[in-house]
Amino acid sequence: MRKKIAAGNWKMNTTLDEGLKLASEVVHMAKDESLSETTIMMSVPYTHIESIKKTIGNATNVFIAAQNCHQELSGAYTGEISAAMLQNLGVDCVVLGHSERREYYKETYAELESKTQIVLKHQMTPIFCCGEKLATREENAHFDLVKEQLSSSLFELDAVEFAKVIIAYEPVWAIGTGVTASDEQAQEMHHFIRHTIAKNYSDSIAKQIPILYGGSVKPANAQTLFSCPDVDGGLIGGASMDAQGFIDIAKSF
Ligand code: PGA
């Protein structure tokens with residue numbers, strides 16, 4: 001049985017005060033009996049991590065993620081954050097290769113490969129994002145692109161390391177646009193990703209890797225998306241900024 005995961009991606013939103021309020025509402029609502037088997041994650045700004053860790057306390061189904069980390073261990077990289085710094089704060093997961101990072105900060109396949117490796121070395125779980133822009137889908141090149149994103153940054157990992165990764169498929173045209181991939185489009189790509197993993201590693205690894213869908217997930221569409229056999233949950237941006245809405249999504253499995 002793969003984990004069911006609802007991961008909120010707060011992006012560059014909330015002050016610490018606002019973030020603490022949101023996190024404490026989420027942690028409170030996550031106590032609901034029906035969520036005991038659901039992994040609830042909040043990917044928060046770095047400045048919030050330490051305080052929100054305290055808010056999470058000993059909740060067993062709530063986890064914390066960072067939104068990026070640098071690919072080098074340490075050094076003269078003004079403004080950057082290292083895997084060791086995140087590990088030291090008790091971060092569970094690190095989102096890597098979000099389309100906004102690829103687009104605005106020109107993150108390359110090679111950098112994302114190093115970031116994934118360094119996150120794993122620091123005993124944290126990478127949430128590796130992939131997904132195509134609209135033009136790529138219109139050219140019917142979306143499968144090739146996603147395969148390239150995975151193979152260029154992940155497939156050098158050995159099987160033991162690769163098996164620790166979470167994948168998030170986020171079609172760029174669905175992020176923050178209100179346009180969601182249809183259930184068929186999501187399932188088709190998730191199935192393709194799992195098949196690609198099976199070919200490069202093994203069926204058993206492919207079966208155990210959680211693959212999240214991201215892109216305008218909301219309480220109204222989460223249930224049908226999450227009922228797709230290869231969709232193991234969501235990476236949720238806008239709708240994770242409201243505790244009740246986010247928890248409603250987490251209850252959609
Ligand atoms: P969205 O963002 O839910 O606001 O579309 C998803 C994401 O960027 O991870």
Side-chain angles (χ1 to χ4, degrees), residues 3-14 18-19 22-23 26 38-46 48-49 52 63-69 91-107 112 115-116 119 125-134 136-137 142 145-146 149-150 153 165-183 185-186 189-190 193 210-226 228 231-253:
K3 281 189 186 135
K4 303 172 190 149
I5 303 171
N9 178 14
W10 293 10
K11 311 192 180 185
M12 194 177 74
N13 292 301
T14 71
E18 291 162 350
L22 176 56
V26 167
T38 304
T39 296
I40 294 172
M41 190 138 27
M42 293 179 281
S43 177
V44 307
Y46 304 127
H48 301 18
I49 291 171
I52 292 180
F63 298 85
I64 194 154
Q67 300 176 13
N68 179 34
C69 91
V91 166
D92 302 297
C93 296
V94 184
V95 175
L96 293 175
H98 190 281
S99 64
E100 288 149 17
R101 303 268 345 150
R102 292 180 193 259
E103 176 78 8
Y104 305 143
Y105 305 98
K106 308 291 173 226
E107 289 190 343
L112 290 171
K115 285 179 188 225
T116 305
V119 163
T125 301
I127 303 179
F128 183 87
C129 303
C130 57
E132 80 288 353
K133 292 184 186 171
L134 187 57
T136 308
R137 180 168 279 266
H142 47 302
L145 178 80
V146 168
Q149 290 171 331
L150 298 175
S153 300
V165 174
I166 296 173
I167 295 189
Y169 168 60
E170 300 204 299
V172 180
W173 46 272
I175 296 177
T177 57
V179 181
T180 317
S182 67
D183 304 337
Q185 286 171 322
M189 182 59 86
H190 283 227
I193 291 171
I211 308 177
L212 313 182
Y213 167 79
S216 298
V217 176
K218 337 176 228 279
N221 60 25
Q223 199 165 3
T224 55
L225 280 165
F226 293 177
C228 298
V231 176
D232 304 308
L235 183 56
I236 301 128
S240 73
M241 301 312 300
D242 170 61
Q244 187 62 61
F246 179 53
I247 291 293
D248 286 346
I249 291 171
K251 286 183 177 169
S252 301
F253 289 100

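Numbering of ligands and ligand atoms starts at 1, following listing order. The figures here come from the full heavy-atom set of this structure, side chains too, leaving out hydrogens, waters and symmetry mates.
At under 3.5 Å, not a single nitrogen or oxygen of Ile175, backbone or side chain, sits near a nitrogen or oxygen of ligand 1. Looking at ligand 1, you won't find any N or O of Thr177 less than 3.5 Å from one of its N or O atoms.
For ligand 1, the atoms sitting less than 4.0 Å from at least one non-hydrogen atom of Ala174 are 5 (O), numbered in the order shown with element in parentheses. For ligand 1, the atoms closer than 4.0 angstrom to any heavy atom of His98 are 7 (C), 8 (O), 9 (O). Against a heavy-atom cut-off of under 4.0 Å, Ser216 is close to the following atoms of ligand 1: 1 (P), 3 (O), 5 (O). Residue contact check: Gly215 has heavy atoms under 4.0 Å from atoms 5 (O) of ligand 1. Every atom of ligand 1 with a heavy atom of Gly176 under 4.0 Å away is listed here by number and element: 1 (P), 4 (O), 5 (O).
When hydrogens are left out, the protein atom nearest atom 9 (O) of ligand 1 is Glu170 OE2, 2.6 Å; that is the closest non-hydrogen contact. Summary of contacts: the protein heavy atom closest to atom 4 (O) of ligand 1 is Gly238 N, 2.8 Å. Of the protein's non-hydrogen atoms, Gly237 N, 2.9 Å is the one closest to atom 3 (O) of ligand 1.
The shortest side-chain heavy-atom distance between Ile166 and Asp232 does not fall under the 4.5 Å cut-off.
Arg137 and Glu132 are joined by a salt bridge, as a carboxylate oxygen and a charged side-chain nitrogen come within less than 4.0 angstrom of each other.
Between Tyr213 and Pro171, the closest heavy-atom pair is CE1-CD, 3.6 Å. Heavy-atom minimum distance, Asn9 versus Ser240: N-OG, 3.6 Å. The two residues Ala66 and Ile49 have their closest heavy-atom pair at CB-CD1, 4.3 Å.
Using a non-hydrogen distance threshold of 4.0 Å, Lys218 does not register as a contact of ligand 1.
Here the straight-line distance linking atom CD1 of Ile175 with atom CG of Leu235 works out to 8.0 Å at 0.5 Å rounding.
Between the side chain of Asp248 and the backbone N or O of Pro219, no donor-acceptor pair lies under 3.5 Å.
A side-chain N or O of His98 and one of Glu170 form a donor-acceptor pair less than 3.5 Å apart.
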